[in-house]
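Here is the structure we will look at.
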Protein chains: 2
Amino acid sequence: MTDPGELLQQTIDRFWESVPPTWNRIRTNVRGIASERFGVTVEQFHILRHIRKGVASVSELAEAKGTSRPAISQAVDVLAGKGLVSRRQDAADRRIVRLELTEEGSGLLSAIFRENRAWMAEKLSVLTPEQMTQIIAALDALKSAFDDRSSDFSR
Amino acid sequence: MTDPGELLQQTIDRFWESVPPTWNRIRTNVRGIASERFGVTVEQFHILRHIRKGVASVSELAEAKGTSRPAISQAVDVLAGKGLVSRRQDAADRRIVRLELTEEGSGLLSAIFRENRAWMAEKLSVLTPEQMTQIIAALDALKSAFDDRSSDFSR
DNA sequence: AATTAACAGTTAAGTTACTTACGCATTCTA
DNA sequence: TAGAATGCGTAAGTAACTTAACTGTTAATT
């Protein structure tokens, strides 16, 4: 119907209209749950989340979160102090510190997610099944478009 | 095909898989442009963005950004010091400080957006027009689901 | 009309999460 | 085996936030 370039611009417009406020609300919800009920910050929550996803060394975490290694190192220090994360030297390469969630850390992360999911489910329940399947496909496409591996030939 | 509750859970899963990393990359791109080329932080960029959208008082900004009034007041102070934002007392209610972008602030915001849009356009160009229209509809639905006005009867 | 309450914004003091620069230990490489 | 590269941590400083307390302005109560 319209030319492809304009459609692209529209997509970008819609992204900037929709994603920041939506992400902001969800972040606020997580912050409330994480800090008021479990005494961790949103940033700490995100680190726990990445560790559980398998991003389990300081460098990988820094890369994934787009911050510096010292920032992660310090954050992990706090989390280790709270007993939520354990550091263990890698047997094969002793420079690497393998990060793992402790039982408590894992439980805490699950508890935060559980409460957040309940809240999100309530919000999303206004959508039709068709809208949901559309959202799933759209988010998948968006993620792949901005994925590091695509259109990066510098390695 | 599947029951509606499971579809909802899938939607939430996909949200958490896709939105944080995508938003993170875009934020990193904006940070690079804003800080290296224009000497402002991402947070300052977001405040400029909100002001241009018409969120033009300290309280409204705090509400929109989900932070405290002092945080905004301080950030605006920095932006005013850089000559990017002007404060003007509202004529009708002199408690209110009306915020406006200066010519320089407006130009800087546009310049950041221009560069970011070019980068986003390149990334999104791998998508088909069908995927783009789908993304537009999906983001719209997502935004409306998490909008403040829906399912909030406390006013 | 005077007093009180509510509101908009700022200031102050302290905290958290980040940054860069540097150092240490370990592993890879020439 | 020396030197470079890698992974992590420490140190010092900065940016952005928090809560508490304050000023000035408007609205509400009586």
Side-chain angles (χ1 to χ4, degrees), chain A residues 20 24 27-28 30-32 34-36 38-51 55-82 84-100 155, chain B residues 20 24 27-28 30-32 34-36 38-51 55-82 84-100 155:
Chain A
N24 208 41
R27 197 181 163 78
T28 299
V30 171
R31 171 164 24 238
S35 92
E36 283 162 32
F38 299 100
V40 295
T41 67
V42 193
E43 284 71 25
Q44 290 167 354
F45 161 76
H46 282 299
I47 291 181
L48 296 177
R49 201 165 63 79
H50 277 107
I51 293 175
V55 185
S57 80
V58 172
S59 296
E60 284 171 7
L61 263 169
E63 166 74 22
K65 281 203 67 200
T67 64
S68 63
R69 279 185 284 264
I72 301 296
S73 187
Q74 290 162 11
V76 167
D77 219 44
V78 174
L79 289 171
K82 286 173 181 258
L84 303 176
V85 167
S86 70
R87 295 192 233 224
R88 197 164 39 77
Q89 212 172 33
D90 188 292
D93 185 340
R94 288 183 307 179
R95 291 172 300 184
I96 299 175
V97 172
R98 287 286 148 208
L99 303 172
E100 275 179 48
R155 50 179 85 180
Chain B
N24 208 42
R27 195 181 164 80
T28 299
V30 170
R31 172 166 20 237
S35 92
E36 283 162 32
F38 299 100
V40 295
T41 67
V42 192
E43 284 70 26
Q44 289 166 356
F45 160 77
H46 281 299
I47 290 181
L48 295 178
R49 202 165 61 79
H50 276 106
I51 293 176
V55 184
S57 80
V58 172
S59 295
E60 284 170 8
L61 264 169
E63 166 73 22
K65 283 204 65 201
T67 64
S68 64
R69 280 184 284 264
I72 300 296
S73 185
Q74 290 161 11
V76 166
D77 219 44
V78 174
L79 289 170
K82 286 172 182 258
L84 303 176
V85 167
S86 71
R87 296 192 233 223
R88 197 165 39 76
Q89 212 173 32
D90 188 292
D93 185 340
R94 290 182 307 180
R95 291 172 299 183
I96 299 175
V97 172
R98 287 285 148 209
L99 303 172
E100 274 179 48
R155 48 182 84 183

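As the structure is a computational prediction, the values presented were derived from the model and not from experiment. Convention: sequence-line order gives letters A, B, ...; per-chain numbering from 1.
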Using a cut-off of less than 4.0 Å, is there contact between a side-chain N or O of S68(A) and OP1 or OP2 of dT20(C)? no
In whole angstrom, what separates R69(A)'s CZ from dA21(C)'s P? 14 Å
5' priority, DNA chain D, between G66(B) and R95(B) [closest heavy atom]: G66(B)
Could you walk me through whether R87(B) and L99(B) pass the side-chain contact (heavy atoms from CB on, under 4.5 Å) test, one step at a time? CA-CA 5 Å; R87(B) 296 192 233 223; L99(B) 303 172; 3.8 Å; yes
Any donor-acceptor pair under 3.5 Å from S73(B) side chain to R69(B) backbone: no
Of E43(A) and D93(A), the one whose nearest nucleotide on DNA chain C sits closer to the 5' end is E43(A)
Salt bridge or not between R27(B) and E43(B)? Use side-chain N to carboxylate O under 4.0 Å. yes
Can you check the Q74(A) CD to dT16(C) C1' distance for me, whole Å? 10 Å
Please report the distance, rounded to the nearest Å, between CZ in R31(B) and C1' in dA16(D). 13 Å
Yes or no on side-chain contact (heavy atoms from CB on, under 4.5 Å) for V55(A) and K65(A), after CA distance, side-chain angles and deciding distance? CA-CA 10 Å; V55(A) 185; K65(A) 281 203 67 200; over 6 Å; no
May I ask you to verify if any side-chain N or O of R94(B) is less than 4.0 angstrom from the OP1 or OP2 atom of dT26(D)? yes
Side chain of P70(B) only, heavy atoms from C-beta on: which candidate in dC8(D), dT18(D), dG9(C) is closest? dT18(D)
Taken to the nearest whole Å, CZ/R88(B) to P/dA8(C) is 18 Å
Check the phosphate of dA16(D) against T41(B), side-chain N and O only, distance under 4.0 Å to OP1 or OP2. Yes or no? yes
To the nearest Å, give me how far apart CD (Q44(B)) and P (dT14(D)) are. 16 Å
Are OP1 or OP2 of dT6(D) and a side-chain N or O of S59(A) less than 4.0 angstrom apart? no
Here the distance between atom P of dA8(C) and atom CZ of R98(B), to the nearest Å, is 10 Å
Over all strands shown, is A62(A) touching base, sugar-phosphate only, or nothing at heavy-atom distances under 4.0 angstrom? nothing
Ignoring backbone atoms, test whether R87(B) places a side-chain nitrogen or oxygen under 4.0 Å from the OP1 or OP2 oxygen of dT10(C). yes
Taking CG from L99(B) and C1' from dT10(C), how many angstroms apart are they, rounded to a whole number? 13 Å
Nearest-Å distance for atom pair CD1/P, residues I96(B) and dA6(C): 18 Å
Heavy-atom donor-acceptor pair, K82(B) side chain to V40(B) backbone, under 3.5 Å: no
